[in-house]
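Quick note: numbers below take in every heavy atom, side chains included, and nothing from hydrogens, waters or symmetry partners.
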Protein chains: 2
Amino acid sequence: MRKKAVINNSPVCQVRMQAISDTMSILSGKWKFHILGTLIEGDKLGFMDLLREVKGIGTKMLSKELQDLEMNQLVSRTVMNTKPITVEYSITKYGKTLSPLIDEMAKWGIEYRQSMIDAERD
Amino acid sequence: MRKKAVINNSPVCQVRMQAISDTMSILSGKWKFHILGTLIEGDKLGFMDLLREVKGIGTKMLSKELQDLEMNQLVSRTVMNTKPITVEYSITKYGKTLSPLIDEMAKWGIEYRQSMIDAERD
DNA sequence: AAGGGTAGTTCCCTATAGGAAACTACTTCC
DNA sequence: GGAAGTAGTTTCCTATAGGGAACTACCCTT
């Protein structure tokens with residue numbers, strides 16, 4: 001006879017749902033995880049370095065995604081006063097807090113692949 | 001003088017990147033985490049139950065997302081032979097392996113909110 | 001002065017995601 | 001018989017994501 005939501009009405013669920021939406025919106029898009037992952041591996045990379053490291057990305061998307069990440073304090077952008085100006089992108093200490101999440105994503109994906117292979121052998 | 005990718009060329013990085021892409025594609029879209037989260041909390045829910053629990057979702061998206069999740073063995077769909085037919089959706093044991101990832105997402109999002117509040121108090 | 005490297009921006013285009021509303025089909029309650 | 005509940009499907013629409021290519025602008029090397 002209940003007609004209303006019951007499970008997700010508790011404050012704790014509301015907060016969790018909101019938190020998941022926040023995380024998803026900050027890390028939305030095709031490239032953010034790859035960019036962050038790359039910057040966590042090799043710190044201090046130039047724009048062109050990233051363009052080469054992140055396979056398939058173009059200048060437009062790289063530029064836009066880096067701006068998003070910088071806005072959210074996950075990466076820092078430093079213009080160096082070298083002769084042809086260069087820019088150093090690196091992960092912030094706050095950005096590093098994403099490591100466990102990125103690791104979880106990678107871990108689950110690897111296990112998923114393995115489970116597909118296992119399933120095929122039946 | 002290097003002109004080629006160096007960091008992401010190692011096999012381990014390749015595998016990680018691929019794994020992250022896999023996970024992202026399986027959990028893509030606005031609703032999958034919410035649906036999965038709801039099904040993990042309260043098992044065995046009908047279509048209309050989910051429609052009520054997952055705030056804002058419409059029938060079309062719910063139906064489509066459930067099909068995606070079922071295809072990937074993350075949720076199961078059972079038609080019950082009740083008088084007006086009802087359907088029971090529940091999380092599979094494999095779907096439950098996503099719990100740590102979902103928890104990580106929620107945890108990071110909660111900490112993110114908190115850090116925004118902390119930053120404002122300065 | 002031409003070529004190549006730095007770091008982007010701008011414009012144009014298409015594909016996909018996602019929402020609203022109407023519709024199907026079947027059953028039970030009043 | 002009509003309302004309301006079950007579980008969806010279909011159609012139409014818009015907004016956003018994302019890609020390609022060209023372009024800017026500055027500097028160094030040859």
Within this structure, what is the CD1-to-P distance between A:Ile57 and C:dG8, rounded to whole angstrom?
13 Å

Ignoring backbone atoms, test whether A:Gln67 places a side-chain nitrogen or oxygen under 4.0 Å from the OP1 or OP2 oxygen of C:dG8.
no

Nucleotide C:dG19, atom C1' - distance to CG of B:Leu51 in whole Å:
13 Å

Think A:Lys30 has a side-chain N or O under 4.0 angstrom from the OP1 or OP2 of D:dG19?
yes

Quick one: pull up CG in A:Leu98 and NZ in A:Lys96 and give me the separation to the nearest 0.5 Å.
12.5 Å

When rounded to whole Å, the CE to P distance for the pair A:Met80 and C:dA7 reads 11 Å

Taking all non-hydrogen atoms of both residues, which atom of B:Ser28 and which atom of B:Glu65 are closest, and how far apart?
O-OE2, 4.1 Å

Can you tell which of D:dG8, C:dG18, C:dT28 lies closest to the side chain of B:Lys83?
C:dT28

Could you tell me how far apart A:Trp31 (CH2) and D:dT16 (C1') are, to the nearest whole angstrom?
17 Å

Would one find a side-chain N or O of B:Tyr89 under 4.0 angstrom from OP1 or OP2 of D:dT6?
no

Measure from the side chain of A:Met48, starting at C-beta and using heavy atoms only, and say which of C:dG18, D:dA7, C:dT6 lies closest.
C:dT6

Can you see if the side chain of B:Arg52 gets near the phosphate of D:dT6 - specifically, an N or O under 4.0 Å from OP1 or OP2?
yes

Selection from D:dC28, D:dA7, C:dG19 that lies nearest to any side-chain heavy atom of B:Phe47:
D:dA7

Could you state whether A:Ile7 and B:Ile35 fall into the same hydrophobic cluster, counting links through intermediate Ile, Leu, Val, Met, Phe, Trp or Tyr residues with side-chain heavy atoms under 4.5 angstrom apart?
yes

Can you hop from B:Ile26 to A:Ile102 via hydrophobic side chains spaced under 4.5 Å?
yes

Which nucleotide in the set C:dT27, D:dC28, C:dG8 lies at the smallest distance from any side-chain heavy atom of A:Thr59?
C:dG8

Could you tell me the separation between the CG atom of B:Leu62 and the P atom of C:dA20, rounded to a whole number of Å?
14 Å

If you check the A:Ser63 side chain, which of C:dT28, C:dT9, D:dG18 turns out closest?
C:dT9

For A:Lys60 and for A:Ile85, find the nucleotide of DNA chain C with the closest heavy atom, then tell me which residue's nucleotide is more 5'.
A:Ile85

With DNA chain D as reference, determine whether B:Pro84 or A:Gly56 sits nearer its 5' end, using the nearest nucleotide of each.
B:Pro84

Out of D:dA22, D:dG19, C:dT6, which has the shortest distance to the side chain of A:Thr86?
C:dT6

Between C1' of D:dT6 and NZ of B:Lys44, the distance in whole Å:
18 Å

Does B:Lys55 form a side chain to side chain contact (heavy atoms under 4.5 Å, CB included) with A:Asn9? I'd like the steps, not just the answer.
CA-CA 10 Å; B:Lys55 305 218 168 119; A:Asn9 256 7; 3.4 Å; yes

Of B:Glu88 and A:Glu65, the one whose nearest nucleotide on DNA chain D sits closer to the 5' end is B:Glu88

Provide, to the nearest angstrom, the distance between the CG atom belonging to A:Asp49 and the P atom belonging to C:dT6.
8 Å

Rounded to the Å, how far apart are A:Met61 CE and C:dG8 P?
15 Å

Do the side-chain N and O atoms of B:Asn72 and A:Tyr112 include a donor-acceptor pair separated by under 3.5 angstrom?
yes

